[in-house]
Amino acid sequence: MIAPGSTLGILGGGQLGRMTGQAARSLGYDFVVFEPQDHCPAGHIAGLEINAKYSDRAALELLANSSDVVTYEFENVPVEATHALEKRVTLHPRPEILHICQNREREKNFLRDNDIPCAPFAIVDSLSDLENALATIGTPSVLKTAAFGYDGKGQLKISQENPDTAAVWEQFGKHRAVLEGWMDFSMEISVLVAANEQGEISTFPVAENIHTNHILDYSIVPARISEDLQRAAEALAKDIARKLGLVGLLGVELFVLRDGTLAVNELAPRPHNSGHYTLDACVTSQFEQFVRAVCGLPLGSTKLLSPVTMVNILGDAWIGRDPDFAELLKHPEAKLHLYGKAQARPGRKMGHFTVLADTADASYQLAQDLKTKL
Ligand code: AMP
């Protein structure tokens, strides 16, 4: 166990790192952040902010020497950085998990090899691969960049029945990709699962996620699905965590298909945007659980204290004028979280708010109303 009073180091300095650092500080840990961009959101609350490239061996050494345990807050950290670190300091989750989750091809292969339900897929690296893949998977389908995709970036939906494959391949940019069958889903949900080295494993209540322009807009909790399906999603997330050998936190994004079955869309070995609701609505937040998991503390209760809806606040709200938070702040059951980002850009996650209510429906309704008043 890495006891309170020790130092948690984190690769990546965005809002996920910031909220993790806040949770670490509450538990009595010091906090060090490593992030290429200076003045990062996590840097504001870190005891030490190291600004260097992920390939900078001396800077990684400084992180290792300054930390008792190291983790990461986003999956595009080069895996080599974690390999260099694990030789010098305890690091969770293990680099292989990062390696799998930062690449769709490896992630999909992991899911298939472990009999975890996901969309039918094929790996595509040339025009002829694409033609073959379309012949088996058919349309509609979606071509996704194998590496470094997020929030729907690097994706191309193929809808027409006999597409001009050469034109599609050209438009996509001719790079290695995964062609996925289009899933006819009734809902998108996610489950966060935490595991520590002692073998404890725990999930948070299932979130129902609504995306706008491929970016998470609302998370509604509890998800408006049957108890059985909630239990099935939680069991699936635990199964994945065990098969990965997780120590840390993992976000599992799933589709609820029209026939009532589940299919995994994506895995994220870190806190997840759809888990922000836990800050205000659960006994233990996802960030505290993450700290507990990587430090080897007992996991906290994930009990939901109230139905809740979380809303992302994007940089778009700053275009032309600053947002007005007065109505939101006035509401007794609403909580505002801003990430301290100096520059607002369209689509950039600047903060979020949550609204508690007696039912999930009521919290969602209220959240929509309050969003229009920003
Ligand atoms: P991703 O970046 O893979 O999480 O995809 C972003 C969003 O695109 C998802 O949250 C879904 O709304 C949609 N999407 C992605 N893959 C599929 C699929 N195979 N079938 C249907 N919708 C998808």
Side-chain angles (χ1 to χ4, degrees), residues 14 16 74-76 98 100-112 116-124 130 133-134 136-161 163 168 172-173 175-193 206-221 223-225 233 236-237 240 250-277 310-312 314 346-349 352:
L16 302 177
F74 87 134
E75 61 268 29
N76 289 338
L98 179 68
I100 291 169
C101 297
Q102 69 186 190
N103 177 287
R104 280 187 203 282
E105 177 180 347
R106 287 193 287 268
E107 190 172 275
K108 282 280 190 293
N109 285 333
F110 165 82
L111 295 172
R112 183 181 52 197
I116 295 158
C118 65
F121 70 95
I123 309 303
V124 171
L130 180 60
L134 279 168
T136 47
I137 289 171
T139 56
S141 52
V142 54
L143 202 52
K144 298 182 177 183
T145 304
F148 299 113
Y150 69 98
D151 285 347
K153 292 189 174 64
Q155 297 193 10
L156 187 65
K157 188 174 176 191
I158 308 172
S159 300
Q160 75 270 41
E161 224 166 88
V168 167
F172 185 67
H175 47 256
R176 196 169 174 91
V178 175
L179 182 77
E180 256 182 54
W182 193 253
M183 306 305 276
D184 183 22
F185 60 78
S186 58
M187 189 186 285
E188 292 189 75
I189 60 171
S190 55
V191 186
L192 275 146
V193 55
V206 180
E208 168 183 345
N209 300 321
I210 297 176
H211 295 85
T212 304
N213 300 325
H214 290 287
I215 299 177
L216 183 65
D217 201 358
Y218 297 92
S219 286
I220 304 161
V221 188
R224 294 168 295 178
I225 52 176
L236 193 53
I240 293 169
L250 177 82
V252 180
E253 297 178 18
L254 302 128
F255 299 125
V256 178
L257 305 183
R258 303 247 172 230
D259 64 4
T261 59
L262 297 168
V264 172
N265 176 31
E266 255 189 350
L267 306 176
R270 52 163 173 81
H272 195 265
N273 192 170
S274 67
H276 291 358
Y277 77 87
M310 189 268 339
V311 185
N312 268 334
L314 302 183
R348 191 175 195 205
K349 292 171 183 171
H352 71 267

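Atoms within a ligand are numbered from 1 in the order they appear, just like the ligands themselves.
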task: Measure Asn209 to ligand 1 on non-hydrogen atoms and call it side chain, backbone, both or neither using the 4.0 Å cut-off.
output: neither
message: Regarding atom 10 (O) of ligand 1: of the candidates Glu188, Lys157, Gln155, Glu107, which has the closest heavy atom?
response: Glu188
Backbone N/O of Leu314 and side chain of Asn312: donor-acceptor pair under 3.5 Å: no
task: List in chain and number order the residues that pass ring pair (Phe, Tyr, Trp, His ring centres under 6.0 Å) with His352, two or more places apart in sequence or in another chain; answer none if no residue qualifies.
output: His276, His337, Tyr339
field: Test of proximity, Met183 against ligand 1: N or O pairs below 3.5 Å
entry: yes
- line: Note: ligand 1 atoms sitting under 4.0 Å from heavy atoms of Glu253 are 4 (O)
- request: Give the atoms of ligand 1, by number and element, whose distance to some non-hydrogen atom of His211 is under 4.0 Å.
  value: 10 (O)
Per-atom contacts, ligand 1 versus Val142 - under 4.0 Å to a heavy atom: 19 (N)
- prompt: Side chains of Leu262 and Ile189: closer than 4.5 Å at any heavy-atom pair?
  reply: yes
contact_flag Gly181 ligand 1 heavy-atom lt 4.0 Å: yes
field: Region of Arg104 that comes within reach of ligand 1 [heavy atoms, distance under 4.0 Å]
entry: side chain
- request: Please determine, by modelled atom types, if Asn109 and Arg106 share a side-chain donor-acceptor pair under 3.5 angstrom.
  value: no
- request: For atom CD of Glu161, decide whether the heavy atoms of other residues, nucleotides or ligands shown that lie under 6.0 angstrom number more than 12.
  value: no
message: Which of the numbered atoms in ligand 1 are under 4.0 angstrom from any heavy atom belonging to His214?
response: 6 (C), 7 (C), 8 (O)
query: Can you find an N or O of Trp182 that's nearer than 3.5 Å to an N or O of ligand 1?
result: no
- prompt: Is there a donor-acceptor contact under 3.5 Å linking the side chains of Gln155 and His214?
  reply: no
message: Is it the case that the side chains of Ser274 and Ser190 hold a donor-acceptor pair, with the cut-off being a distance below 3.5 Å and no angle test?
response: yes
